[in-house]
Amino acid sequence: MFQKIHLYLTALCAGITAAIMIVMSLLYLYLSEKSLYENQYRSFQNDISTIATNLEQQTVLSMEWLSKMEARGGYTFFVMDNEVPLLYNKLADSSDAARTRGLIDLCLQTYKNQFEYTYIEEELSNGGRYNTCFHAEFPFNPGGGRHEFYAGVIELSQENASLQMVVLSPLSFLHGQIITQRIHFLLIDGAALLILTLFSFFFTGRLLRPIIENRQKQNAFVAAASHELRTPLSVILSAAECCRDAEEDRRNRFLDTIRQEGEILTSLVNNMLSLSASDSKGLSFSPAPTELDTLLMNAYEAFEPLAAEKGLTLKVFLPENPLPPCKADQERIFQLLSILLHNAISYTPKGGSIELSLRCQKKRFYISASDTGIGIPPEDRQKIFDRFYRAEKSRSLKGHFGLGLSIASEIVKLHHGTITVSERPGGGSIFTVMLPG
Ligand code: ADP
């Protein structure tokens with residue numbers, strides 16, 4: 001399922017960024033091409049103006065000058081001297097002369113359609129005299145598709161002489177440039193798309209990793225919880241079954257078993273609810289200035305009878321001088337102390353001793369619970385804070401499901417503190433909780 005989500009997210013992420021990238025590229029291409037056409041047209045217009053000015057100043061039209069001008073701008077000139085074509089250049093004497101003439105005629109026709117009226121207007125404004133020089137530029141498109149030429153027509157008129165010049169600037173070079181630019185963009189966009197897809201794949205993979213881990217933990221939690229619930233439930237069911245035909249005193253024993261297993265189930269369910277609450281919205285937490293020494297004394301008083309019943313000595317060591325209050329949740333810290341003491345009592349054989357102590361150092365409070373019990377092997381010391389984890393030696397103990405220290409660790413996290421476990425010299429374990437002041 002996660003693989004499908006991963007691929008879907010990759011496609012979504014890459015798709016959206018690629019769409020934005022393509023739209024931006026197309027916009028950039030459009031603007032760039034537009035500006036290329038405009039620059040070329042402006043430069044063509046300037047050239048035509050220069051040619052017109054030069055023509056005006058010359059008395060004799062030199063072939064050499066015409067050829068030079070042609071070569072400079074990559075233009076093709078066609079000159080009509082007193083309406084007689086001046087056949088001097090490659091355009092005029094090419095083998096394709098008929099096509100060329102047709103092209104020039106079409107160009108002149110377009111010019112007439114677009115500019116003759118303007119030309120006559122100027123002529124009239126000159127008092128009926130011929131205008132000495134008039135020139136016009138326009139995109140010329142003989143094929144009917146996109147523009148193939150920029151065309152310029154210059155009209156020079158004097159008393160009884162006229163000269164008409166057609167200048168064609170082919171746009172094939174510009175079109176080639178634009179096609180190269182488009183191919184470059186296509187290649188760049190393709191490469192970017194590939195990189196984006198790879199990046200999205202890794203990025204979404206990283207994004208999903210904590211969700212996958214969480215899901216795996218949840219599955220493990222549900223599996224372990226079901227496993228733990230099964231034993232007391234089957235004991236309850238079989239005890240209930242036996243109750244039916246049992247005599248009075250045996251029935252009472254079965255009822256006691258049912259009650260005990262019910263209590264175990266209640267504590268298991270309560271622990272599971274605490275952990276589930278801490279996962280979803282966090283454990284309830286109301287920190288307030290708390291006197292930790294008083295709390296330790298309360299815990300001692302609550303657990304001393306239980307320890308004594310098991311033949312254990314429980315001692316508490318508090319600093320002689322009064323300590324400053326610690327910002328903590330009283331109820332949660334008492335729950336933490338209960339977990340540590342309950343474990344110490346459970347895992348310490350008869351005759352052993354348990355010590356609870358408190359000290360304050362550099363505005364930090366250290367609570368430690370040490371016992372002379374079975375101890376925890378080094379390889380288990382990190383794992384015992386995981387949910388449902390129990391060390392090998394303690395697996396058979398009834399009513400212990402490996403949830404206490406997970407809850408203790410959540411409580412410590414709420415207080416921004418730490419909890420560690422180490423080996424007690426001479427055997428047993430020491431749990432140390434650090435709480436910031
Ligand atoms: P449990 O309810 O099983 O005690 P915890 O989460 O409190 O669950 O503890 C996890 C495991 O850590 C225990 O099963 C036990 O193996 C080990 N453990 C915890 N406290 C002690 C201790 N004081 N001495 C020895 N082992 C301990």
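Indexing begins at 1, ligand by ligand and atom by atom, following the structure's order. Note that these values count all heavy atoms, side chains included, but never hydrogens, waters or copies made by symmetry.
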For atom 7 (O) of ligand 1, the protein heavy atom that lies nearest, with its residue and separation = Asn343 ND2, 2.7 Å
Of Ser429, Gly402, Gly428, the residue with the heavy atom nearest atom 3 (O) of ligand 1 is Gly402
Carefully, step by step, assess Lys217 and Glu213 under the rule salt bridge (charged side-chain N to carboxylate O under 4.0 Å, His left out).
-> CA-CA 6 Å; Lys217 272 189 194 164; Glu213 280 171 7; 5.9 Å; no
For the residue pair Phe140 and Ser169, establish whether any side-chain heavy-atom pair is separated by less than 4.5 Å.
-> no
Flag side-chain contact, heavy atom, 4.5 Å: Phe303 against Leu356 | no
4.0 Å heavy-atom contact, Phe431 with ligand 1 | yes
Report the part of Asp371 (side chain from C-beta onward, or backbone N, CA, C, O) that has a heavy atom under 4.0 Å from ligand 1; answer both or neither where that applies.
-> side chain
Against heavy atoms of Tyr389, which atoms of ligand 1 measure under 4.0 Å?
-> 10 (C), 11 (C)
Return the residue, atom name and 0.1 Å-rounded distance of the protein heavy atom closest to atom 26 (N) of ligand 1.
-> Ile376 CG1, 3.3 Å
Flag the pair His135 / Met165 as yes when at least one side-chain heavy-atom distance between them is below 4.5 Å, and no otherwise.
-> no
Is the centre of the Phe388 ring less than 6.0 Å from the centre of the His227 ring?
-> no
How far is atom 15 (C) of ligand 1 from its nearest protein heavy atom, and which residue and atom name does that atom have?
-> Ser394 OG, 3.2 Å
What residue and atom, counting heavy atoms only, is the protein's closest point to atom 14 (O) of ligand 1, and at what distance?
-> Arg390 CG, 2.9 Å
Option of least heavy-atom distance to atom 13 (C) of ligand 1 (set: Phe388, Tyr347, Phe401) | Tyr347
of all protein heavy atoms, closest to atom 2 (O) of ligand 1 is His400 ND1, 3.2 Å
Using the benzene-type ring in the case of Trp, are the ring centres of Phe185 and Tyr28 under 6.0 Å apart?
-> yes
Closest to atom 9 (O) of ligand 1 (heavy atoms only, candidates Leu405, Ile407, Asp386, Ile430) is Leu405
For Leu403, take its heavy atoms, then give the atoms of ligand 1 lying under 4.0 Å from any of them.
-> 6 (O), 8 (O)
Element-labelled atoms of ligand 1 that are located less than 4.0 Å from some non-hydrogen atom of Gly404 = 5 (P), 6 (O), 7 (O), 8 (O)
Taking atom 17 (C) of ligand 1 as the reference point, the nearest protein heavy atom with its distance = Ile384 CG2, 3.9 Å
Check whether any side-chain heavy atom of Thr10 sits under 4.5 Å from a side-chain heavy atom of His6, and report yes or no.
-> yes
Determine yes or no for a side-chain-to-main-chain donor-acceptor pair under 3.5 angstrom, with His415 supplying the side chain and Pro287 the backbone.
-> no
Quick one: which ligand 1 atoms are inside 4.0 Å of a heavy atom on Gly375?
-> 25 (C)
Parallel under 30°, tilted from 30 to 60°, perpendicular over 60°: which one fits the rings of Phe385 and Phe431?
-> perpendicular
Tyr111 and Phe138 aromatic ring geometry - parallel, tilted or perpendicular at 30°/60° bounds | parallel
Ligand 1 to Ala391, heavy atom cutoff 4.0 Å, flagged ligand atoms 14 (O), 16 (O)
